[in-house]
Visitor: 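Sharing a structure, written as structure tokens. Questions coming.
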Amino acid sequence: MLRMSDKSAATPAVAARTAIAFRGGGFVPGRSAWAAAAAFAALLAAWHLASATGVLPALFMPSPGAVGIALWRLAESGALAQHVAVSLQRIALGWSLGVGAGLACGIAMGLFTLARAAGLPVAMALFPIPKIALLPLFILWLGIGEASKLATIGLGVFFPTVVGAMAAVDNVPRSLVRMGQSFGLPPWRIVFSIVLPGALPGILAGFRISAAIALILLVSAEMIGAQFGIGAFILAAGNLMQTDQLLAGVALLSVLGLAIGALLTALERTLLRWR
Amino acid sequence: MDLAVRGVRHRYGALDVLDDVSFDVASGEILAVVGPSGCGKSTLLGIVGGLLEPSSGSVTTGGAAPQGCLNPVTYVFQDFALLPWRSVAGNVALALEPHRLAPAERAERIAAVLALTGLAAFAQALPKQLSGGMRQRVGIARALVVRPAVLLLDEPLSSLDAQTRLLLTDELLAIWARERTTSVYVTHNLGEAVALADRVAVLSRRPGRIKALLDVTVPREQRGKEAARGALAALEARLWDLIRDEARLADRERADAADE
Ligand SMILES: Nc1ncnc2c1ncn2[C@@H]1O[C@H](COP(=O)(O)OP(=O)(O)OP(=O)(O)O)[C@@H](O)[C@H]1O
Ligand SMILES: [Mg+2]
């Protein structure tokens, strides 16, 4: 079209040609490795500056350096390892119990009409209760020890897992189930070869939600009645106005959250390579 | 193995979809089923394959199944219905899993159908790594690995592009020339119907019933040849004459239904 023939180019009557201007770019987020580092550096620098100039009074908001030193001392004394170990144990056990039971119930509700008809209304009714409200009751039943904390975390992740696992089973394409039936696969084989692998992405996505809930409940429960654990440590530091220690605990929680997220990402990468 | 469909009716709630459909498919015959969209072709195939229960009527098979047949009535699906987490070989193997087979026979069957469909080099590939045409080849290989007596194909090529469709049409013809499997082939592509089938059943608009049954008189092995083109085109034109008014009315009814 631009060059139909050489003759037309030679014709003087042809007007000046117009180049078509590029207008398609943008609206595609790119990458920038240094921007993230710069943002963190700027944040730390501003914090440090505010502390150094006294804008932030050291008693209420210690400098980043002071928080770092507090963390170092905690690590040296072995207290850090102790608190982290106790918290990790609680969240791992509570989460596993709640998610295990939730998966069993949710998958059953995805597969069986009766389980769903009976279970869904119950789950929906109990889902909205903030489970931390039940901790005092669990303390009455189970005592102030580990059991009441585990029950709170477990119950807190149970209901979201039930609902998520049921939805994950629902989302497995029925055409795949029909395919299995058309080849004469028995029902248990359809469940284990088609439904459960098909529901896995949804179930793993639910793990992220339940892990976040578990972390919140862990800290809350530890603040209500515990000697050890990151939540208990933060509360004790606050009571003594040791804000450097308090913020060190908060930083630990942030690291814990990131570590859990990274673990789940690795799990998805290995189990869902087919996506 | 032959197939007899007798007086099949089907309703989805208040919606009459199939009205007294009867036909036979002889052993080794390929019957194409064409009709306007929404007339109940998939419903009919679902009933034939035992995946849907008809409101009334019956489907029976007769005669002996071929040697080594594990799943007499076997589907090829429009959307391929592959398990995305399994490799090509794994998807084909699924069809053998409900059956007790010696490991050697299992491997040999899988290798044979992968070779037949040109997938041998892709045995370990995942579905996401394959083109649409390759995915449907997996669907076909999975159906053939059980040595079916009756193949049911529900628009197997309709989600493929036009060129891939032509390629697979030829491959299906080659497979049928070898296997002579009794088949019911649902399509809305009239060219495909006359290229592949021995007979073509034309369904009316919903509620679907058999409007006509036409023989494709050109022998299958001659259909690729220049000389056969005229006869096939004439047949395709005849089919379109039968369907055009039905399709137009069906389209209008859908528009009316959408207005309500
Ligand atoms: N499960 C269902 N419940 C209710 N109505 C259905 C169901 N499945 C199909 N229908 C309706 O029944 C009619 C026939 O559907 P069917 O899928 O058999 O038609 P088809 O001829 O295969 O159409 P297409 O050419 O679009 O593939 C359609 O009007 C469809 O909307
Ligand atoms: Mg259909």
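Hydrogens, waters and symmetry mates are skipped; everything else that's a heavy atom, side chains included, is used. Each chain gets a letter, A, B and so on, in the order the sequences are listed, and its residues count up from 1.
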Visitor: Let me know if A:Arg189 has heavy atoms under 4.5 Å from chain B in its side chain, its backbone, both or neither.
Guide: side chain
Visitor: Taking all atoms of both residues into account, what is the closest heavy-atom pair of B:Ala81 and A:Met179, and its distance?
Guide: O-CE, 3.5 Å
Visitor: Quick check: are there more than 12 heavy atoms from other residues, nucleotides or ligands sitting under 6.0 Å from CZ of B:Arg100?
Guide: no
Visitor: Hey, is CZ on B:Arg180 packed in by over 12 heavy atoms from elsewhere, all under 6.0 Å?
Guide: no
Visitor: For the residue pair B:Tyr75 and A:Phe183, what are the closest heavy atoms and their distance?
Guide: O-CZ, 4.2 Å
Visitor: At a heavy-atom distance under 4.5 Å, which candidate from A:Pro173, A:Pro186, A:Gly198 has the highest pair count against chain B?
Guide: A:Gly198
Visitor: What residue in B:Gly49, B:Pro84, B:Ala95 has the most heavy-atom pairs under 4.5 Å with chain A?
Guide: B:Pro84
Visitor: Name the region of B:Arg86, side chain, backbone, both or neither, that has any atom closer than 4.5 Å to a heavy atom of chain A.
Guide: side chain
Visitor: Over all heavy atoms of both residues, which pair between B:Asn71 and A:Ser182 is shortest? Give the atoms and the distance, please.
Guide: ND2-O, 2.9 Å
Visitor: Would you say that more than 12 heavy atoms from the other residues, nucleotides or ligands in this model lie under 6.0 Å from the CZ of A:Phe192, or not?
Guide: no
Visitor: Tell me whether the count of non-hydrogen atoms from other residues, nucleotides or ligands lying under 6.0 Å of CG in A:Leu114 goes above 12.
Guide: no
Visitor: Report, as yes or no, whether the 6.0 Å neighbourhood of atom CD on A:Gln89 holds more than 12 heavy atoms from other residues, nucleotides or ligands.
Guide: no
Visitor: Measure the CZ-CG distance between B:Phe77 and A:Leu176 for me, rounded to the nearest 0.5 Å.
Guide: 9.0 Å
Visitor: With a 4.5 angstrom heavy-atom cut-off, is it the side chain or the backbone of B:Leu94 that approaches chain A, or both, or neither?
Guide: both
Visitor: Can you name the nearest heavy-atom pair linking A:Gln181 to B:Leu51, along with the distance?
Guide: CB-CD2, 4.2 Å
Visitor: Select one option (side chain, backbone, both, neither) describing which atoms of B:Leu82 are under 4.5 Å from chain A's heavy atoms.
Guide: backbone
Visitor: Pick one of side chain, backbone, both or neither for A:Leu272, based on which atoms fall under 4.5 Å of a heavy atom in chain B.
Guide: neither
